[in-house]
Amino acid sequence: MGMRSISRVGRICCGVLLALVATQLLAVISYQRDQRYLSHLADLIANPILPPSEQAQSISRFLRDKPSETNSHYFAFPFLRFLRATPRQVAEFGGDCADRARLMVVLLDLRNTRSSKWALYSGDGSPRHAVVELNAESGKMVMDGLFGLCFPRPGGGYYGIAELRGNPEILRSRIKSVEAEGQRPGTDKLEEYPLGLYVYSYARTINWDKSAVTQAMYSGLHAVMGAKVDTLYRPIVAEQPALMVIGGLVGLEGGVLFFWFVVVWRRTRAASLYSR
């Protein structure tokens, strides 16, 4: 490869890098704008001094009158639709159980409350529902943003995923109790709750059934880790499409720089060998 060819490759690499950096800057601006919006929304939903359990329930009540269909919005470009709606888009237009869990996790994070989305699987191994488990003031707490359900302990505090996994009666008893009180705490009616499908016994922090690649990853991790793979930490970035795009662009930028480095290194090495 001659110097003219290297120069041409360099110009192409510079052009690609500039485009990636420009896109990344727009993503950063969009993310910061949305975070300001969500921070203000969190203040409107609940007083910041309230305990985490009340914050979570307030978020669920905020979502009660929002549409429960899957949010069809997406971040920036149609080809990023697979990343699903942003937290702000969920706040504005509603969404299904997974969308609601995304917004709740992000809003709780703004209140320095650690939480995670959990996928509930039916007995046949299919992902069916999504809820949030958070670190409440008295331990773990599960909040179902679609049905408005949480699970208070008789002696105080709340049940977490571990207890709901081990004792299915907690869910059935809670639904009966709320129905008996004539309440409708969530968007969907409790009498329509599919007890045979939304099963806590098979809860996982990550829905591994999104693609053949993630299914293969799950099989490999399960072979090494066993059941612990179902409780892997789910980072907050997984609920922020903008951050995932920013991170992906960093990777692409690194790839372009590495490619250019290899081109220059090969040319320099070839020139060195030729001059001997």
Side-chain angles (χ1 to χ4, degrees), residues 27 30-31 33-46 52 55-111 113 115-122 126-134 141-150 161 184-190 192-194 197-200 203-211 214 234-245:
S30 176
Y31 169 74
R33 183 179 62 244
D34 283 4
Q35 287 299 98
R36 288 192 295 270
Y37 170 89
L38 292 170
S39 180
H40 177 64
L41 177 65
D43 290 339
L44 294 176
I45 290 174
Q55 298 268 351
Q57 292 177 75
S58 295
I59 296 168
S60 179
R61 286 192 293 271
F62 164 76
L63 288 166
R64 182 166 50 196
D65 297 323
K66 299 283 186 179
S68 60
E69 295 80 16
T70 300
N71 194 314
S72 61
H73 292 78
Y74 48 83
F75 176 74
F77 305 107
F79 66 84
L80 295 174
R81 190 185 300 272
F82 72 96
L83 295 177
R84 299 179 65 98
T86 67
R88 177 172 180 170
Q89 289 167 339
V90 177
E92 292 177 332
F93 305 107
D96 62 16
C97 56
D99 296 323
R100 291 159 186 259
R102 165 168 286 182
L103 176 63
M104 187 175 295
V105 167
V106 171
L107 291 179
L108 289 172
D109 182 67
L110 289 170
R111 293 287 171 263
T113 297
S115 62
S116 177
K117 181 194 293 183
W118 282 74
L120 305 188
Y121 284 67
S122 59
S126 301
R128 298 289 187 175
H129 193 42
V131 299
V132 170
E133 184 182 59
L134 60 132
M141 171 187 178
V142 169
M143 189 72 229
D144 185 327
L146 186 60
F147 289 92
L149 281 176
C150 59
I161 291 289
R184 183 181 174 181
T187 304
D188 284 7
K189 299 177 181 179
L190 285 177
E192 298 175 356
Y193 192 101
L197 295 178
Y198 296 177
V199 184
Y200 281 86
R204 301 174 184 171
T205 51
I206 299 172
N207 177 6
W208 297 97
D209 291 301
K210 291 184 176 181
S211 69
T214 54
R234 182 185 179 92
I236 185 68
V237 68
E239 312 308 339
Q240 292 278 16
L243 290 182
M244 287 188 275
V245 169

query = How far apart are the C-alpha atoms of Arg36 and Ser39, what are their side-chain angles, what is the distance that settles it, and do they pass the side chain to side chain contact (heavy atoms under 4.5 Å, CB included) test?
reply = CA-CA 5 Å; Arg36 288 192 295 270; Ser39 180; 5.7 Å; no

request  = Calculate, to the nearest 0.5 Å, the distance between atoms CE and OG belonging to Met104 and Ser115 respectively.
outcome  = 8.5 Å

ask   = Can you name the one residue among Arg64, Arg100, Lys66 that meets side-chain hydrogen bond (donor to acceptor under 3.5 Å, both in side chains) with Thr187?
value = Arg100

request  = Test side chain to side chain contact (heavy atoms under 4.5 Å, CB included) on Asp188 and Ser68 and set out the steps.
outcome  = CA-CA 8 Å; Asp188 284 7; Ser68 60; 3.6 Å; yes

query = Nearest heavy-atom pair of Ala85 and Gln89: which atoms, and what distance?
reply = CA-OE1, 3.4 Å

key: Pairwise side-chain contact, Leu38 with Leu103, heavy-atom cut-off 4.5 Å (strictly under)   = yes

task = Specify the closest pair of heavy atoms between Gly94 and Asn71, including all atoms of both residues, with the distance to one decimal.
result = O-ND2, 2.8 Å

ask   = Does any non-hydrogen side-chain atom of Val142 lie less than 4.5 Å from one of Val132?
value = no

inquiry  = Please verify the inter-ring angle class for Tyr198 with His129; under 30° counts as parallel, over 60° as perpendicular, anything in between as tilted.
reply    = parallel

query = Looking at Ala56 and Leu108, what are the two nearest heavy atoms and their distance?
reply = N-CD2, 4.2 Å

message = Give me the atom names and distance for the closest heavy-atom approach of Leu83 to Pro241.
response = O-CG, 3.8 Å

ask   = What distance separates Thr86 OG1 from Leu243 CG, expressed to the nearest 0.5 Å?
value = 11.5 Å

ask   = Which atom pair, heavy atoms only, marks the closest approach of Ala242 to Ala27?
value = CB-O, 4.2 Å

ask   = Checking salt bridge (Lys or Arg N to Asp or Glu O under 4.0 Å) for the pair Lys117/Glu133: CA distance, chi angles, key distance, verdict?
value = CA-CA 7 Å; Lys117 181 194 293 183; Glu133 184 182 59; over 6 Å; no

query = Is there a donor-acceptor contact under 3.5 Å linking the side chains of Ser58 and Arg61?
reply = yes

remark   = The reported gap from CD in Gln240 to OH in Tyr31 (rounded to nearest 0.5 angstrom) is 5.0 Å

inquiry  = Is the shortest side-chain heavy-atom distance between Ile161 and Val131 below 4.5 Å?
reply    = yes

task = Just do the side chain to side chain contact (heavy atoms under 4.5 Å, CB included) check on Leu107 and Phe62 with the steps written out, would you?
result = CA-CA 12 Å; Leu107 291 179; Phe62 164 76; 5.6 Å; no

query = How many angstroms lie between atom SG of Cys97 and atom CH2 of Trp118, to the nearest 0.5 angstrom?
reply = 15.5 Å

ask   = To the nearest 0.5 Å, how far apart are CG in Leu41 and CD in Gln35?
value = 11.5 Å

message = With side chain to side chain contact (heavy atoms under 4.5 Å, CB included) as the criterion, how do Leu120 and Val199 come out once you've worked through the C-alpha distance, each side chain's angles and the decisive distance to 0.1 Å?
response = CA-CA 6 Å; Leu120 305 188; Val199 184; over 6 Å; no

message = Between Asp99 and Asp96 (side chain of the first, backbone of the second, donor and acceptor by atom type, cut-off under 3.5 Å), is there such a pair?
response = yes

Distance-minimising heavy-atom pair for Ala238 and Met244 = O-CE, 3.6 Å

message = To the nearest 0.5 Å, what is the distance between CZ on Arg128 and OH on Tyr121?
response = 11.5 Å

inquiry  = Measuring only between side-chain heavy atoms, which start at C-beta, is Gln57 closer than 4.5 Å to Cys150?
reply    = yes

request  = Would you confirm whether Arg184, through its side chain, and Phe147, through its main-chain N or O, come within 3.5 Å as a donor-acceptor pair?
outcome  = no

